[in-house]
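As a basis for the values below, the full set of heavy atoms in this structure was taken, side chains included, without hydrogen atoms, waters or symmetry mates.
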Amino acid sequence: MEEIKIFSPGTVANVGCGFDVLGFCLDTIGDEMVIRKTTEKGVRISKIEGGFELPLEVTKNVAGVSALALYEAASPNFGFEIEIYKAIKPGSGIGSSAASAAGSVFGMNSLLGNPFDTHQLTYFAMKGEAIASKSEHADNIAPALFGGFTLVKSTHPLEILQIPSPSDLYAVIAHQKIEIKTSEARALLPNEIPLADAIIQWSNLGSLIHALHTNNFALIGSALKDVIVEPHRSQLIPNFQTLKTAAHEANALGTSISGSGPSVFSLCQGKAVAHDVENAQKELLKSTGIPFDIYVSKINTQGIKILTQ
């Protein structure tokens with residue numbers, strides 16, 4: 001195999017109460033990437049399309065940095081060329097940098113005959129993710145590579161747990177087209193939190209994991225609450241509370257910030273409810289004057305998908 005074309009999906013990180021550890025994979029929004037072997041050694045990014053100003057220089061691009069990490073470990077006697085067709089806006093809160101970082105290592109690994117497992121690919125991709133967020137974290141990368149819901153039990157050593165979820169669980173993503181940098185959103189967070197809030201948060205996270213295992217939709221809704229991060233980051237997101245109210249009134253299970261924002265996600269039982277939430281939030285956002293997109297997605301349990309090879 002000399003060339004591969006892939007779909008590298010968007011992801012939702014934190015998932016309310018799971019700051020920096022929990023994430024899930026989307027199915028209807030993502031980037032496409034083409035990776036091919038070259039006779040010239042090294043890694044080169046030859047094309048980035050999508051209208052976003054992203055660097056072609058390998059050491060300054062998240063896809064390039066993660067690709068270099070894998071390349072150094074593999075030491076092949078040939079090189080790789082990467083083309084990126086971005087559909088996920090950088091700074092959107094739905095894993096734009098993770099899609100690039102995970103996609104490059106997935107494609108290169110496939111062309112090498114899959115010598116590295118998914119945990120190792122996650123480790124390489126984290127090197128690229130650190131360029132965008134100023135820290136190595138895997139709560140977007142892991143669901144992109146593993147699919148479905150994932151829990152990052154540890155980053156040193158790296159340990160990812162795959163979490164099952166109900167087959168008719170849907171996500172609605174309301175993305176107002178403003179940019180919030182992950183590093184800036186992270187800077188808003190307090191260094192210390194009250195013990196009472198910590199107790200509520202880990203109770204909600206444990207309950208959410210149990211609810212996903214047992215298909216308990218009511219418990220998903222009651223557990224999907226963030227008392228630590230959301231109160232701070234929601235201040236950066238226009239219309240956050242009204243979007244949350246609109247989703248609740250349309251019978252969403254729960255709503256919170258996707259990653260560091262500005263996207264807002266809602267989990268829903270069934271496609272019909274998801275479209276009701278989509279319509280309610282769309283009507284609300286039409287009156288704000290802020291450009292937006294809304295996506296409805298089933299949980300993507302596969303992760304990155306091979307389109308052609």
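- One distance of note links OH of Tyr170 with NZ of Lys298; it measures 4.0 Å at 0.5 Å rounding.
- In this structure, Asp139 contributes its side chain and Ala13 its backbone to no donor-acceptor pair below 3.5 Å.
- By the 30° and 60° cut-offs, the orientation of the rings of Phe149 relative to Phe24 is tilted.
- Under 3.5 Å, the side chains of Thr11 and Asn140 contain a donor-acceptor pair of N or O atoms.
- Side-chain N or O atoms of Gln201 include one that pairs as donor or acceptor with a backbone N or O of Val227 at under 3.5 Å.
- Linking Ile, Leu, Val, Met, Phe, Trp and Tyr residues whenever their side-chain heavy atoms come within less than 4.5 Å places Phe240 and Leu236 in a single cluster.
- No option in Glu83, Glu57, Glu81 other than Glu81 meets the salt bridge (charged side-chain N to carboxylate O under 4.0 Å, His left out) test with Arg44.
- Counting only distance, with no hydrogens or angles, the side chain of Ser96 and the backbone of Ile88 share a donor-acceptor pair below 3.5 Å.
- Here Asp276 pairs with nothing under the side chain to side chain donor-acceptor pair (under 3.5 Å) rule; sequence neighbours left out.
- The pair Glu230-Lys244 counts as a salt bridge, with a side-chain nitrogen and a carboxylate oxygen less than 4.0 angstrom apart.
- Ser266 places no side-chain N or O within 3.5 Å of a backbone atom of Val172 that could act as its donor or acceptor partner.
- Side-chain contact between Thr150 and Ile163 is absent, with no heavy-atom pair separated by less than 4.5 Å.
- Annotation: cation-pi geometry not satisfied between Lys86 and Phe52 (NZ/CZ under 6.0 angstrom from ring centroid, within 45° of ring axis).
- Between atom CD1 of residue Ile228 and atom CG of residue Asp197 there is a gap of 6.0 Å, rounded to the nearest 0.5 Å.
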